Amino acid sequence: MRIGTKIGNTVLIPLTVKAIDLLDIPGVVAFSTMRSATDVSDPYDGFNTCSYTGDAAEHVESCRSEVAQLLGIDAGALIMPRQTHSANVKIIYRHSVSLEDTDALVTCMRQTALCIHTADCVPVVMADVEAGVIGAAHSGWRGAEKRIVAATVDAMCSLGARPDRIVASMGPSICPKCFEVGDEVAQKFERYGAVSRINHVAHVDLYRVVAATLEDAGVNSRNISLPPTCSLCDCDNYFSARAMGVSSGRTLSVIMLR
Ligand SMILES: [Zn+2]
């Protein structure tokens, strides 16, 4: 993945965008972008490619063209769905498709960047390199409840992937210590053993729910990587809706077959 100079886990890219690698597999590029904000109190300051959460169109466009340049593709090959916390998975066969109400993408097309935007929800990228099939999903608690990552694995398998060959990685997202929820939400995740109480307030471990759902779908636990960091603990570097409000920029997680 020669997309920049690597220092530890951080890839420094010779543009303004900085990113953290999610997978280290030949032939696959997968990373999450960092904010690189100069004023962290401004909810849109930094690198943001999400067009529907209130940022200025020109800023979004310039960030998109930067990430396209970084990947060596046209901006039209950045596949960016309009996410709605659904469990809808779309298989991408061509670049110009309607992506309304879509929270996961799957493809076997090369040079086609599957993009997921998050600010605390869990972005998940997946690949079966042998089959040449990749996937990306957005799993907040609603997507986790609907088991969107299992639906993504199914869609990948419809293109020839095999669950036991799939490698999956979660991007920066909210950690169990930070993810306070009401009891109604917590009870949906008791069966995963993913609920804890801190000062009588329920907390959900979304990482555990996503990993358990992937394992149920046949993905080997040793092929599942947890997020490199928490978006809220580390909100100077990653967008966090809990820190900045839902009207804020989003972290972009990308996966692409070279
Ligand atoms: Zn945290």
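When a ligand or atom number is given, it counts from 1 through the structure's own listing order. Heads up: numbering here begins at 1 and tracks the sequence. Predicted model, so just to flag it, every value in this text is computed and none were measured.
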Suppose the cut-off is 2.8 Å; which protein N/O/S atoms would you list for the Zn ion (ligand 1)?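 Result, waters dropped: Cys175 SG, Cys178 SG, Cys230 SG, Cys233 SG.
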Before you tell me yes or no, could you show the steps for Asp164 and Asn220 under side-chain contact (heavy atoms from CB on, under 4.5 Å), namely the whole-Å CA-CA distance, both residues' side-chain angles and the distance that decides it to 0.1 Å? CA-CA 6 Å; Asp164 60 309; Asn220 197 309; 5.9 Å; no
Any donor-acceptor pair under 3.5 Å linking the side-chain atoms of [Y] with those of [X]?
| X | Y | result |
| --- | --- | --- |
| Asn88 | Thr102 | no |
| Thr118 | His138 | no |
| Arg64 | Ser62 | no |

Measuring only between side-chain heavy atoms, which start at C-beta, is Thr229 closer than 4.5 Å to Ile20?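 Thr229 vs Ile20: side chains apart.
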Can you confirm whether Ile255 sits close enough to Leu22 that some side-chain heavy atom of one is under 4.5 Å from a side-chain heavy atom of the other?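 When only atoms from C-beta onward are counted, Leu22 and Ile255 do not touch, as no gap falls below 4.5 Å.
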